[in-house]
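No experiment lies behind these values; they were computed from the predicted model shown.
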2 protein chains.
Amino acid sequence: MSAEEIRAAALALFSERTFPVIGMRDIGDAVGLLPGSLYAHISSKEELLADIVTEGITNYLVEFRPFLESRDPAPDRMRGAVKAHVKVLAKTLEQTRVAFHQWRFLGDGAREKVIDLRKQYEDVFLQIYRDGVAEGTFRKARSERIAVLAVIGMLTSASEWYSPEGRLGADEFGEALAEAAVDGLVSTS
Amino acid sequence: MSAEEIRAAALALFSERTFPVIGMRDIGDAVGLLPGSLYAHISSKEELLADIVTEGITNYLVEFRPFLESRDPAPDRMRGAVKAHVKVLAKTLEQTRVAFHQWRFLGDGAREKVIDLRKQYEDVFLQIYRDGVAEGTFRKARSERIAVLAVIGMLTSASEWYSPEGRLGADEFGEALAEAAVDGLVSTS
DNA sequence: CCTACCGATCGGTAGG
DNA sequence: CCTACCGATCGGTAGG
């Protein structure tokens, strides 16, 4: 038994039924240990969550880097970042569900670190959006904040309805979402 | 004391800290009753949640009706529905947070009723989208489902970042979101 | 609406 | 990694 295996079991359980309703007894059952024995490998229930969330968000930041640094036109970079998001989502669906929706259950210290990571995540989209407005490729929206959070809301909500068994593969799913975010619904013909 | 006052107190607490971590003792403290005394007015903790969620979603369905029945061009109807959503959101922010994010904590029976209401909510946007494609005003997306859920994801996520103290009033906020959903980010000039 | 309490479950620990 | 257990808290009830 390793801390890694325990984290994996906790991840699956948190994703399915949320942190507060999962007990150490559930996690113990999943790995074949008694609840008290878990503490030979991990230090607390909250630390399990903190590790899962931190890694879960960092997975996204890593994939965004090229699109943040690129000098391509902003709409291409925005589509690229959206597709990168979906790529990570497809690879880490359960962890994403925990990372983006359950960080609120962390205590004060760990929660602040996560809020910092989330800000880095949001700043990727904000930066690309601003570059597009400066270039003239993006509309100057009534509110920059709302324009960016709307796109991010689309992406984070996708973790609730993306399914690996869906008709579209991850790539096509990413294209469809990128289109929705960047081009909207209206016909341009 | 009335069941209504207890529901209002529970609503505030659930919204702030989520259903499973709120105890009947917290609700009792909020209304000045001992936990056991609550059961003279309500029948269970879960019924509190079920009532809050059901009413919270129904508030939206009521406001959507005109835009579902209208024969205006679909982009106008879609913008109207988005603005109607924001109007209800501004009026029932806390209840919306509970209704759209915490229905999963309901037991099987109540959860199924809520899933039916959510489906009605989604069908409003699906219907307007389809009408727009038939009219030629909306692009035929790679996936109808994704196009619609992307818009809905924007809206439901807004309950996490809408603030009544924000720079924009509810009306302007609605316009900004309608623009993001219908027109996307790209400059059309 | 209070008093008094129920059995169950919680995260976590001591000692081996 | 188990045995055995800690104090705290949970939703809910009986009886008045």
Side-chain angles (χ1 to χ4, degrees), chain A residues 1-54 98-99 101-114, chain B residues 1-54 98-99 101-114:
Chain A
M1 187 55 48
S2 73
E4 209 54 60
E5 293 172 71
I6 294 171
R7 265 194 291 275
L11 167 44
L13 290 164
F14 294 163
S15 156
E16 205 173 322
R17 316 200 20 238
T18 77
F19 179 77
V21 310
I22 297 298
M24 296 310 281
R25 284 149 185 85
D26 299 313
I27 299 171
D29 287 347
V31 296
L33 292 186
L34 289 172
S37 304
L38 295 169
Y39 291 86
H41 307 281
I42 58 125
S43 71
S44 72
K45 187 189 172 195
E46 185 183 326
E47 191 207 56
L48 280 175
L49 179 61
D51 289 349
I52 291 165
V53 169
T54 301
V98 178
H101 295 289
Q102 300 186 37
W103 56 269
R104 288 163 208 274
F105 297 117
L106 291 169
D108 291 339
R111 200 171 55 240
E112 274 178 39
K113 281 179 201 158
V114 168
Chain B
M1 186 54 48
S2 73
E4 209 54 61
E5 293 172 72
I6 294 172
R7 264 195 292 278
L11 167 44
L13 289 164
F14 294 164
S15 155
E16 204 173 323
R17 315 196 25 233
T18 79
F19 179 76
V21 309
I22 296 299
M24 296 310 280
R25 284 148 185 86
D26 299 313
I27 298 171
D29 286 349
V31 297
L33 292 185
L34 288 172
S37 305
L38 295 169
Y39 291 85
H41 305 282
I42 58 124
S43 71
S44 73
K45 188 189 171 196
E46 186 184 326
E47 191 206 55
L48 281 175
L49 180 61
D51 289 348
I52 291 166
V53 169
T54 301
V98 178
H101 295 290
Q102 300 186 37
W103 56 269
R104 287 164 211 275
F105 297 116
L106 292 169
D108 291 340
R111 199 171 56 241
E112 275 179 40
K113 282 181 199 157
V114 168

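In this structure, OH of B:Tyr39 is placed 13 Å from C1' of C:dC6, rounded to the nearest angstrom. Regarding A:Arg25, its CZ atom lies at a distance of 14 Å from the P atom of C:dA8, rounded to whole Å. Distance CD1 (B:Ile42) to P (D:dG11): 10 Å, rounded to an integer number of Å. Distance A:Leu13 CG to C:dC10 P: 12 Å, rounded to the nearest Å. Atom-to-atom, CE of A:Met24 to C1' of C:dT13 comes out at 13 Å; the value is rounded to the nearest Å. In this structure, B:His41 atom NE2 and C:dC1 atom C1' are separated by 7 Å, rounded to whole Å. For the pair A:Ile22 CD1 and C:dG11 P, the interatomic distance rounds to 9 Å; values are reported in whole Å. Atom pair B:Asp26:CG and D:dC10:P shows a separation of 6 Å (rounding to whole Å applied).
For the pair B:Leu38/B:Val31, a side-chain contact is recorded, criterion being any heavy-atom separation below 4.5 Å from C-beta on. A:Met24 is listed as a side-chain neighbour of A:Ile42, based on a closest heavy-atom distance under 4.5 Å. The side-chain heavy atoms of B:Arg104 and A:Thr18, taken from C-beta on, include no pair separated by under 4.5 Å.
Between B:Ile22 and the options B:Leu48, B:Leu49, B:Leu13, a side-chain contact (heavy atoms from CB on, under 4.5 Å) holds for only B:Leu13.
Using modelled atom types, no side-chain atom of B:Glu112 and backbone atom of B:Gly109 make a donor-acceptor pair closer than 3.5 Å.
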Expected output check: what is the dot-bracket annotation of DNA chain C, where ( ) and [ ] are pairs inside the strand (brackets for crossing ones), | is paired with another strand, and pairs are Watson-Crick or G-U under 3.5 Å? ||||||||||||||||

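Checked against C:dC2, D:dT3, D:dG12, the side chain of A:Leu34 finds its nearest nucleotide in D:dT3. Closest to the side chain of B:Met1, from the set C:dC1, D:dC1, D:dG11, is C:dC1. Between D:dC2, C:dC1, C:dG12, one nucleotide has an atom nearer to the side chain of B:Ala40 than all others, and that is C:dC1. Listed nucleotides C:dC1, D:dG12, C:dG11 differ in distance to B:Lys45; the shortest reach to its side chain belongs to D:dG12.
Nearest heavy-atom pair, A:Ala110 versus A:Glu46, reported as atom, atom and distance to 0.1 Å: CB-OE2, 4.0 Å.
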Check against side-chain contact (heavy atoms from CB on, under 4.5 Å), B:Gln102 and B:Val53: CA-CA 8 Å; B:Gln102 300 186 37; B:Val53 169; 5.6 Å; no

